[in-house]
Amino acid sequence: MDQELDVWTHPDLRAAVAAEDWPTVLKRWRALTRSSQSALGALVGLAQPDVSAIENRRREVTSVEVRQRIITGLRVPVELLTGGIEELPLPSLVLPGIVADPEADRLMRVRGGMRLDTASLDAVERLLAEHRRAEDTLGSRVMNGVVTAQFAEVVGLYDRARGPLADRLVKVLAEYAQFLAWLAQDQDNAPVALGWFDRSYDWALESGYGDMAATTMSMKAHLAWSRGNGRRCTRLGEAAAATPGASAATRAMALQMAGRGHALDGDAAGAYRRLDEAQRIITATTDAPPWLYFYGESWFAAQRGMAELHLGRWASAVDNLRTGLDGFAATYRRDRAWYGSCLAHAYAGAGEAEQALTTALGVLADASEVGRPHAWGELHTVASVLLRRGAGQGRLLVDALATLD
């Protein structure tokens, strides 16, 4: 049953969250919403036996990922949380004379002695490109600190920029902000991601960078999709595709996002219309902006597979996800973990339990190392689907996940 609107006003439930008493949180939430352990597990990405084990204190909630899945799945109000989640400040503008920021002086110091000239900006752009590709292999948790430190150096050049160099620098800053937004989004930190997206969008507009403005809006659509908001995903995707200055590749990415929004809402006709339109564009595209270096027909096939997954069209989801994965380089560890977990989900939905388990175990290590929380959470969903279908492979997957959870 759907959660009551006032469920979090109950004092015993609020007290349990404040005390980090997760067994009581789960039990009281289920009692107040008249939900089963399976229904709760589907919301938080845990199999029913694991929910039971937590409620009966046979299993402790020690991992950050499990804790966050409970908080997100049950929509725990943020004001009830007393700690345990790293608090990251929202990114505020640090440009002189625009918004005051206590960290502005620190960020404005050019500690490395970087010069503002064409050669320096060439080097910064090459470095950012390498950072993007390193994140494919190392994951967002590893790269976030590195990219943040580099951004601090580059933003320190802003107050000395003049003329064409100023426009180019702001474009670079827009790209950095977009990448930092992605790193936050990949760690499921939506407030920080939205702050960086807004900053990237502002800088893109300031420098006349329509392609980056469209990309930022499209990635906001992706964030809406990850939060289960199909309508917002569709609207933002369509707005991104209509942005003046958007390249063909960026328009295709935005339209497939709109298609995924339709699929999330169960609108197959709308999903296929947008996906087909995006595919026609990407098939004819020969160039893409540097931050869409990964974009191509393999990646698009994987995205279509995710839409089919939403629509419950398991066979088509399997075919598209396999096609996409076959085209991914081995260095794309994060993407291979995510789409591999989606493929395992498609197999589970199709009733192919053994294939689902084999596929899930094949990406288990990468999902744990570079795919948290998204790929890791998807593998828990796979386990739940298998258990609901009475497949013994579900218990095997639960046990494998427990060794790393």
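Once rounded to the nearest 0.5 Å, the distance linking CZ of Arg30 with NZ of Lys27 reads 8.5 Å. Considering OG of Ser298 and CG of Asp326, their distance stands at 8.0 Å, rounded to 0.5 Å. Arg231 CZ to Leu264 CG: the interatomic distance, rounded to the nearest 0.5 Å, is 13.5 Å. Atom SG in Cys342 sits 11.5 Å away from atom NE2 in His374 (nearest 0.5 Å).
Residues Leu169 and Leu165 have side chains not in contact (no heavy-atom distance under 4.5 Å, counting atoms from C-beta outward). Counting only heavy atoms from C-beta outward, the side chains of Gln48 and Ser384 never approach each other to under 4.5 Å. Here the side chains of His262 and His310 are not in contact, with every heavy-atom distance at 4.5 Å or above. Contact annotation: the side chain of Phe151 approaches that of Leu173 to within less than 4.5 Å [non-hydrogen atoms, C-beta and beyond]. Between Asp366 and Arg334, every side-chain heavy-atom pair lies at or beyond the 4.5 Å cut-off. Tyr272 is listed as a side-chain neighbour of Leu311, based on a closest heavy-atom distance under 4.5 Å. The shortest side-chain heavy-atom distance between Leu46 and Ile54 falls under the 4.5 Å cut-off. You'll find the side chain of Trp22 stays beyond 4.5 Å of the side chain of Val66, heavy atoms only.
With salt bridges taken as basic N to acidic carboxylate O contacts below 4.0 Å, one links Asp198 and Lys220. Using a 4.0 Å cut-off between charged side-chain N and carboxylate O, Asp50 and Arg59 make a salt bridge. Look at Glu277 and Arg274 and you find a salt bridge, because one of the NZ, NE, NH1 or NH2 atoms lies within 4.0 Å of a carboxylate O, short of that distance. Look at Asp21 and Arg57 and you find a salt bridge, because one of the NZ, NE, NH1 or NH2 atoms lies within 4.0 Å of a carboxylate O, short of that distance.
Listed by first and then second residue, the side-chain hydrogen bond (donor to acceptor under 3.5 Å, both in side chains) pairs that reach into residues 355-365 come to none, sequence neighbours excluded.
For the residue pair Ser38/Ser36, the side-chain donor-acceptor check at 3.5 Å is not satisfied. Side chains of Thr137 and Thr331: no donor on one and acceptor on the other come within 3.5 Å. Residues Ser140 and Trp182 bring no donor and acceptor atom of their side chains to less than 3.5 Å of each other. Counting only N and O atoms by type, the side chains of Glu378 and His345 include a donor and acceptor under 3.5 Å apart. A donor and an acceptor atom, one from each side chain of Thr250 and Asp211, are located under 3.5 Å apart. Counting only N and O atoms by type, the side chains of Trp29 and His10 include no donor and acceptor under 3.5 Å apart. Between the side chains of Glu308 and Ser316, at least one donor N or O lies within less than 3.5 Å of an accepting N or O.
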task = Check step by step if side chain to side chain contact (heavy atoms under 4.5 Å, CB included) holds for Asp136 and Phe294.
result = CA-CA 10 Å; Asp136 290 328; Phe294 56 87; 5.7 Å; no
query = Can Met219 and Tyr201 be said to form a side chain to side chain contact (heavy atoms under 4.5 Å, CB included), step by step?
reply = CA-CA 11 Å; Met219 292 184 71; Tyr201 188 75; over 6 Å; no
inquiry  = Between Val146 and Gln150, does the side chain to side chain contact (heavy atoms under 4.5 Å, CB included) criterion hold? Intermediate values first, please.
reply    = CA-CA 6 Å; Val146 175; Gln150 182 64 26; 5.8 Å; no
Test salt bridge (Lys or Arg N to Asp or Glu O under 4.0 Å) applied to Arg304 and Asp276, step by step = CA-CA 9 Å; Arg304 182 181 279 272; Asp276 289 345; 2.8 Å; yes
query = Taking it one step at a time, do Trp376 and Ser368 satisfy side-chain hydrogen bond (donor to acceptor under 3.5 Å, both in side chains)?
reply = CA-CA 6 Å; Trp376 193 246; Ser368 176; over 6 Å; no
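Residue Asp188 is tested with Arg69, Arg227, Arg372 for a salt bridge (Lys or Arg N to Asp or Glu O under 4.0 Å); the sole match is Arg227.
Seen from the ring of Tyr209, Lys171 counts as a face-on cation partner, given the 6.0 Å and 45° thresholds. In this structure, Arg132 fails the cation-pi test against Tyr293, since its NZ or CZ atom is not both closer than 6.0 Å to the six-membered ring centre and inside 45 degrees of the ring normal.
The backbone N or O of Asp319 lies less than 3.5 Å from a partner atom in the side chain of Thr323, making a donor-acceptor pair. Counting only distance, with no hydrogens or angles, the side chain of Trp314 and the backbone of Gly349 share a donor-acceptor pair below 3.5 Å. Remark: the backbone N or O of Gly377 is paired with a side-chain donor or acceptor of Thr381 at under 3.5 angstrom. In this structure, the side chain of Asp267 does not engage the main chain of Ala263 through any donor-acceptor pair within 3.5 Å. Arg14 places a side-chain N or O within donor-acceptor distance of the main-chain N or O of Trp8, the cut-off being under 3.5 Å. When atom types are taken as modelled, the side chain of Thr403 and the backbone of Ala400 share a donor-acceptor pair closer than 3.5 angstrom. In this structure a side-chain-to-backbone donor-acceptor pair under 3.5 Å is present from Ser226 to Leu223. At distances below 3.5 Å, at least one donor-acceptor pair connects side-chain atoms of Arg336 with backbone N or O atoms of Leu325. Listed for the Thr216 side chain is a donor-acceptor partner under 3.5 Å among the backbone atoms of Met212.
Within a 6.0 Å radius of CZ in Arg395, more than 12 heavy atoms belonging to other residues, nucleotides or ligands are found.
Considering only residues two or more places apart in sequence or on other chains, Glu125 meets the side-chain hydrogen bond (donor to acceptor under 3.5 Å, both in side chains) condition with Arg168.
Aromatic rings of Tyr339 and Phe328 (six-membered ring for Trp) have centroids within the 6.0 Å cut-off, being under it.
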